[in-house]
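My questions will all concern the structure given below.
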Amino acid sequence: MEQRHLGRTGLRVSRIGLGTLTWGRDTDEHDAADLLKAFWEAGGTLVDTADVYGDGEAEYLLGQLIEGLVPRRDLVISTKAGSVPDPDRRFDGSRGHLLAALDASLARLGTDYVDLWHIHAFDPFTPLEETLQALDLAVSSGRARYAGVSNYCGWQLAKAATWQLAAPGTRTRLASTQLEYSLLQRGVEREVLPAALDLGIGLLPSSPLGRGVLTGKYRNGTPADSRGASDHMGLFVAPYLDDTASRIVDAVTTAADGLAVTPLQVALAWVRDRPGVAAPIVGARNAQQLTAALSVEALSLPDEICRALDDVSAPLHRYPDHDWSTL
């Protein structure tokens with residue numbers, strides 16, 4: 001698998017990442033082992049997790065598989081901290097919480113360091129410089145090699161990245177930002193992606209297949225074995241089952257038919273090759289699904305197909321999202 005630099009850093013990652021959102025909940029240890037092995041054998045390196053996935057079980061499972069199945073040195077392990085199970089405060093970006101969460105993640109993963117550590121989301125109740133100091137301490141102590149943020153909007157990302165570049169002292173440059181990005185969700189193109197490109201921050205798209213909808217599996221209803229039919233994931237999929245999404249899925253399917261490939265391959269190739277994208281994070285329930293996603297490695301979409309998909313899925317840009325003189 002082709003490797004790409006993550007933003008303006010020396011870290012290289014596989015251009016498709018493996019997500020572990022369902023590990024320890026819907027994905028058991030046997031399926032997790034099959035997924036990790038298939039990913040590694042295909043040349044994949046970037047494995048993304050978080051301290052809240054499966055209430056910590058995703059990290060624990062990954063830790064159990066390192067060394068015994070896949071050498072630690074062959075993986076770029078990325079995890080996140082900051083989400084908390086508190087209805088009154090969903091995110092805790094305090095320095096104390098974040099560093100304690102990182103130590104707990106390292107214990108579950110059974111490793112001395114993570115290659116990439118993300119703040120899971122912006123905390124409006126903690127000064128941003130305090131949150132960012134946790135990144136500096138994590139890197140300077142060797143517990144994380146690189147750092148980034150997740151789910152930051154445009155001004156939050158730009159403020160954080162600029163602070164890290166301009167504030168006095170030894171600061172850790174932001175290597176990456178992780179947000180949802182697909183043909184069904186192009187909101188990052190308004191302000192986040194322009195900021196990331198300007199500041200040299202690599203984008204790691206989550207849900208690059210539109211929460212599974214872009215595979216075309218929901219065109220004739222909701223399959224009984226799909227995430228859309230599950231009690232805890234149904235509400236996650238539902239927003240992408242409207243008429244607008246249906247038109248985009250139809251266009252993806254038409255493109256796939258014309259290229260003699262699958263809708264999954266078309267949708268994944270589109271987002272993988274967007275400017276600023278380092279590696280889409282793919283979550284699969286089993287090795288068969290993952291192998292289907294990894295088969296996109298040999299596919300590059302023709303320019304005319306990209307333009308057609310761009311047109312049918314174009315987000316609405318209005319002042320002041322873009323330069324006012326162009327509107």
Side-chain angles (χ1 to χ4, degrees), residues 1-7 13-19 21 39 42 44-48 78 118 148 150-151 154 157 176-197 201-218 227 236-237 239-240 244-256 259 261-284 289-315 317:
M1 191 183 303
E2 180 182 321
Q3 305 289 304
R4 290 174 170 172
H5 282 280
L6 184 60
V13 299
S14 54
R15 63 176 181 168
I16 297 292
L18 174 63
L21 173 65
F39 183 66
T45 62
L46 177 62
V47 181
D48 180 74
S78 168
H118 287 103
S150 175
N151 298 306
L157 176 65
S176 56
T177 183
Q178 186 175 143
L179 297 99
E180 185 171 351
Y181 186 26
S182 73
L183 279 162
L184 296 184
Q185 178 52 271
R186 294 177 61 183
V188 298
E189 294 178 8
R190 294 188 178 95
E191 292 193 347
V192 174
L193 192 52
L197 285 166
I201 298 169
L203 177 63
L204 300 173
S206 59
S207 298
L209 297 174
R211 308 180 184 185
V213 174
L214 287 166
T215 65
K217 70 171 68 175
Y218 295 96
R227 291 179 181 177
F236 182 65
V237 176
Y240 293 161
T244 298
S246 180
R247 288 193 296 272
I248 297 170
V249 173
D250 286 346
V252 170
T253 302
T254 299
L259 296 171
V261 296
T262 66
L264 179 155
Q265 290 173 307
V266 169
L268 190 54
W270 181 89
V271 70
R272 180 199 65 195
D273 295 333
R274 298 294 287 178
V277 168
I281 307 298
V282 175
Q289 284 188 349
L290 179 61
T291 299
L294 296 178
S295 67
V296 76
E297 181 65 17
L299 177 64
S300 294
L301 297 180
D303 290 343
E304 59 271 23
I305 295 293
C306 288
R307 286 194 295 270
L309 294 175
D310 290 351
D311 289 345
V312 75
S313 65
H317 287 316

* Minimal non-hydrogen separation, Asp48 against Ser78, with atom names -> OD1-OG, 3.2 Å

* Asked: Does a side chain donor of either Glu180 or Asn151 reach within less than 3.5 Å of an acceptor in the other side chain?
  -> no

* Could you pull out the closest heavy-atom pair between Ser206 and Gln178, with the gap in Å? => CB-OE1, 4.2 Å

* Partner residues of Tyr240 under the ring pair (Phe, Tyr, Trp, His ring centres under 6.0 Å) criterion, sequence neighbours left out -> none

* CA sep, side-chain torsions, deciding dist, call: Tyr181, Val192, side chain to side chain contact (heavy atoms under 4.5 Å, CB included) -> CA-CA 11 Å; Tyr181 186 26; Val192 174; over 6 Å; no

* Partner set under salt bridge (Lys or Arg N to Asp or Glu O under 4.0 Å) for Arg186, not counting sequence neighbours -> Glu189

* Structure fact -> dist Leu6:CG -> Ile201:CD1 (nearest 0.5 Å) comes out at 10.0 Å

* May I have the step-by-step check of side chain to side chain contact (heavy atoms under 4.5 Å, CB included) for Leu290 and Leu18, ending in yes or no? => CA-CA 9 Å; Leu290 179 61; Leu18 174 63; 4.1 Å; yes

* Structure fact -> Heavy atoms of Pro280 and Val271 approach each other most closely as CG-CG1, 3.9 Å

* To do: For Ala279 and Gly17, work out which heavy atoms get closest and say how close.
  => CB-N, 4.3 Å

* From CA spacing to verdict: side chain to side chain contact (heavy atoms under 4.5 Å, CB included), Asp273, Val277 -> CA-CA 7 Å; Asp273 295 333; Val277 168; over 6 Å; no

* **Thr262: partners by side chain to side chain donor-acceptor pair (under 3.5 Å), with sequence neighbours left out** => Gln265

* Residues in side chain to side chain donor-acceptor pair (under 3.5 Å) with Asp310, at least two apart? -> Trp270, Arg274

* Asked: Any donor-acceptor pair under 3.5 Å linking the side chain of Arg4 with the backbone of Gly202?
  -> no

* For Thr253, what residues pass the side-chain contact (heavy atoms from CB on, under 4.5 Å) criterion, not counting sequence neighbours? -> Arg219, Val249, Asp257, Pro263

* **Nearest atoms (heavy-atom pairs only) where Ala293 meets Leu268** => O-CD2, 3.6 Å

* **Leu301 side chain reached by Leu259 side chain, heavy atoms, under 4.5 Å** => yes

* May I ask you to decide if Gln185's main-chain N or O and Ser182's side chain share a donor-acceptor pair within less than 3.5 Å? => yes

* Asked: Of all residues at least two apart in sequence or in a different chain, which pass the side-chain contact (heavy atoms from CB on, under 4.5 Å) check with Ala251?
  -> Leu309, Val312

* In chain order, what residues pass the side chain to side chain donor-acceptor pair (under 3.5 Å) check against Arg307, with sequence neighbours excluded? -> none

* Asked: Got a salt bridge between Asp311 and Arg247, using NZ or NE/NH1/NH2 to carboxylate O under 4.0 Å?
  -> no

* To do: Using the test side chain to side chain donor-acceptor pair (under 3.5 Å), find all partners of Ser176 that sit at least two apart in sequence or belong to another chain.
  => His118

* In chain order, what residues pass the side-chain contact (heavy atoms from CB on, under 4.5 Å) check against Ser14, with sequence neighbours excluded? -> Met1, Gln3, Phe39, Thr45, Leu46

* Structure fact -> Taking every heavy atom of Leu214 against every heavy atom of Ala267, the minimum-distance pair comes out as CB-CB, 3.8 Å

* Structure fact -> Applying side-chain contact (heavy atoms from CB on, under 4.5 Å) to Thr215 and not counting sequence neighbours gives Leu209, Lys217, Leu264

* Structure fact -> The complete set of salt bridge (charged side-chain N to carboxylate O under 4.0 Å, His left out) pairs with one or both residues in residues 292-301, sequence neighbours excluded, reads Arg15-Glu297

* To do: State, yes or no, whether a side-chain contact exists between Ile281 and Pro205 at a heavy-atom distance under 4.5 Å.
  => no

